[in-house]
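The structure under discussion appears below in the form of structure tokens.
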Amino acid sequence: MEHAPAGEVPAIRLPALIQDVLLWRDPVGQLRGWADRYGAVFTGNLPATGPLLFVGDPTAAREVLFSDPQGSRAGAATARVLPLLGSACVLRQDGNAHKDRRRLIGSAFHGENLRRLRSIGAGIADREMATWPVGKPVALLPHMQKVVFAMITFVVLGLTDPWQVERLHKTVLKMTGPSALSKTWMFPMGDGPVRSKVQRRAQRRQSATDELLTRVVGNRRSGDPSGDTDVLGLLLRQERALGIRTHDTEMNEELLALLLAGYETTAAALGWAIERLTREPLALTQLTESLREGDSTYLRAFIREVLRWRPPVVDAVRELTQPMNLAGYRIPEGALVVVVPLLVHSRDDACPSPDAFQPNRFLDDPRPGKGWIAFGGGRRHCLGSELAMLQMEIVITQMMNGVTFSPSKLRPEQARLLGTVMVPSRGSIAVISRPGPLA
Ligand code: HEM
């Protein structure tokens with residue numbers, strides 16, 4: 001039931017700390033429950049951010065995402081929800097600085113660099129799959145993280161040496177542990193001594209990653225970047241062209257932000273794909289048959305439906321730089337607006353029968369409609385969307401070759417929040433056997 005808009009945006013009437021814990025424990029149930037109760041636009045409040053406006057209405061969501069560049073800033077909003085990302089990275093930029101940076105690094109996420117990934121991606125997935133135990137329940141999300149991390153380090157840093165990749169991954173895992181939460185919008189303590197102390201610990205954990213990144217950058221600086229297509233190569237080519245040397249901290253902030261933005265999100269999406277494959281026998285059969293015929297149309301529809309059903313990124317954020325009319329409300333300048341793909345995807349006016357998992361809905365219309373915003377939209381649309389789709393296509397195809405998933409008798413996995421990413425709460429538990437149905 002939805003409320004007709006009145007003067008004041010409806011607000012969740014719970015202490016900020018309680019809202020935070022409820023959101024962390026059950027983001028899907030909680031966000032949907034609040035939308036049923038308060039309407040498609042409502043105000044929440046979290047200790048780390050203060051008031052924020054949740055938007056689940058498809059039209060309002062598009063108005064925010066595609067709003068006039070003068071009217072909102074995404075970089076400033078990201079600083080409020082994810083200060084974990086350093087201020088020099090593309091996600092934290094606004095205006096021309098953002099446009100220039102996006103144009104510079106964007107080509108690493110299309111064309112030649114992705115063709116290179118396509119040629120080595122299957123090997124990365126196969127190597128990891130060979131380590132999975134057979135015939136007993138195993139949480140596959142951490143394995144998805146490993147595979148995706150190896151692919152993203154290739155695209156961003158040009159790394160291919162498994163030993164170097166693993167070392168870097170270990171340091172990143174240490175920084176994305178519980179203390180990293182202190183640098184996200186989900187930290188339950190707000191600003192204050194507890195948060196500062198935990199953030200200092202998070203900072204110390206980040207230094208090992210910084211050290212490794214500085215070494216990788218140093219090695220590459222001593223070579224010739226002219227033929228390189230990875231992000232680091234593009235940044236080094238620009239340095240040479242301009243005759244400058246980027247400060248280590250700034251370089252690391254950009255590279256680390258891209259690794260983080262690309263890795264947890266895509267791994268979570270693959271985690272949800274496994275969760276569905278073990279519970280949707282019809283989808284599994286259709287996927288197997290279509291891939292056997294060498295047709296990837298259903299695979300892409302399946303991936304889009306996974307991203308509709310459990311969009312891993314729970315928020316696309318903007319800070320308003322001028323007042324905005326939204327769903328009948330006047331939203332003031334300075335408001336932190338959180339467009340929630342999950343809520344938009346759960347509306348039957350945007351997506352008929354939203355609670356049913358139906359990849360076929362994307363078969364006739366391979367370009368998802370206006371109500372599909374898993375990658376956000378407008379000029380801040382996810383820079384890595386093509387890469388994410390490619391990674392998922394490679395990994396799922398290799399899994400169908402290499403392993404057979406037993407149907408799961410367990411309840412569907414609930415979602416949990418890891419920072420701003422929704423992951424299956426039990427880590428995508430599956431029982432596998434070998435070989436896969438395509439072998
Ligand atoms: C399934 C995987 C992924 C999902 C669901 C996802 C989702 C999103 C969303 C919702 C946004 C915010 C868009 C907006 O504010 O309108 C975003 C931004 C971004 N994503 Fe992704 N993403 C994924 C994978 C990746 C990958 C692989 C990369 C590669 C590094 C990446 C890099 C970025 C960057 C750089 C931005 C900021 C763009 C900007 O501010 O201009 N993402 N992503």
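Note: hydrogens, waters and symmetry copies are ignored here, and every other heavy atom, side chains too, is used. Order of listing sets the numbers, starting from 1, for every ligand and every atom in it. None of these values were measured; they are calculated from a predicted model.
Nearest-heavy-atom check against atom 1 (C) of ligand 1 across I105, I152, L307 picks out L307. Counting only non-hydrogen atoms, the option in L260, L390, T266 that gets closest to atom 2 (C) of ligand 1 is T266.
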**Message:** Run the side-chain contact (heavy atoms from CB on, under 4.5 Å) test on R318 and L65 for me, step by step, so that the C-alpha distance in whole Å, both residues' side-chain angles and the decisive distance to 0.1 Å come before the verdict.
**Reply:** CA-CA 8 Å; R318 304 288 185 270; L65 296 177; 3.4 Å; yes
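For E253 (side chain) and A88 (main-chain N/O), a donor-acceptor pair under 3.5 Å exists by modelled atom type. The main-chain N or O of T246 is found under 3.5 Å from a side-chain atom of E239 such that the two form a donor-acceptor pair. With hydrogens and angles disregarded, no donor-acceptor distance shorter than 3.5 Å links the side chain of W132 to the backbone of L140.
The L258 neighbourhood of ligand 1 comprises atoms 30 (C), 35 (C), with distances under 4.0 Å to a heavy atom of that residue. Which parts of ligand 1 touch G377 is read off a 4.0 Å heavy-atom cut-off, strictly below it: atoms 16 (O). For ligand 1, the atoms closer than 4.0 angstrom to any heavy atom of R318 are 14 (C), 15 (O), 16 (O). Contact atoms of ligand 1 toward G376: 10 (C), 13 (C), 14 (C), 16 (O) (distance under 4.0 Å to a heavy atom of the residue). Every atom of ligand 1 is numbered from 1 in the order shown, and the set under 4.0 Å from a heavy atom of R102 is 38 (C), 39 (C), 41 (O).
Looking at F109 against ligand 1, only its side chain comes within 4.0 Å, counting heavy atoms. Contacts between C382 and ligand 1 below 4.0 angstrom, taking non-hydrogen atoms only, involve backbone and side chain alike. Contact annotation for H98 and ligand 1: only side-chain heavy atoms (C-beta onward) come within less than 4.0 Å of the ligand.
Separation of atoms CD (E275) and CG (L410) is listed at 10.0 Å; rounding is to 0.5 Å. The line from CZ of R215 to CG of L168 is 11.0 Å long, rounded to the nearest 0.5 Å.
Annotation: atom 4 (C) of ligand 1 to nearest protein heavy atom, F375 CE2, 3.5 Å. Closest to atom 26 (C) of ligand 1 among all protein heavy atoms lies G262 CA, 3.3 Å. The protein heavy-atom contact nearest to atom 14 (C) of ligand 1 is R380 O, 3.4 Å. At the top of the distance list for atom 36 (C) of ligand 1, counting protein heavy atoms only, stands L91 CD2, 3.8 Å. For atom 24 (C) of ligand 1, the nearest protein heavy atom (residue, atom name, distance) is T265 OG1, 3.3 Å.
A heavy-atom separation below 4.0 Å is not found between P311 and ligand 1. Within the 4.0 Å heavy-atom shell around ligand 1 one does not find M389. The shortest heavy-atom distance from A374 to ligand 1 is under 4.0 Å.
No option in L157, T153, I152 other than T153 meets the side chain to side chain contact (heavy atoms under 4.5 Å, CB included) test with V165.
In this pair, Y263 and H169 present their aromatic rings perpendicular. The plane angle is above 60°, beyond the 30 to 60° band. The aromatic rings of W372 and F375 sit perpendicular to each other, their planes meeting at more than 60°, with 30° as the lower class boundary.
No hydrogens or angles considered: nothing links the side chains of S107 and N113 as a donor-acceptor pair under 3.5 Å.
Contact record, D228 with G233: CB-CA, 3.8 Å, taken as the closest heavy-atom pair.
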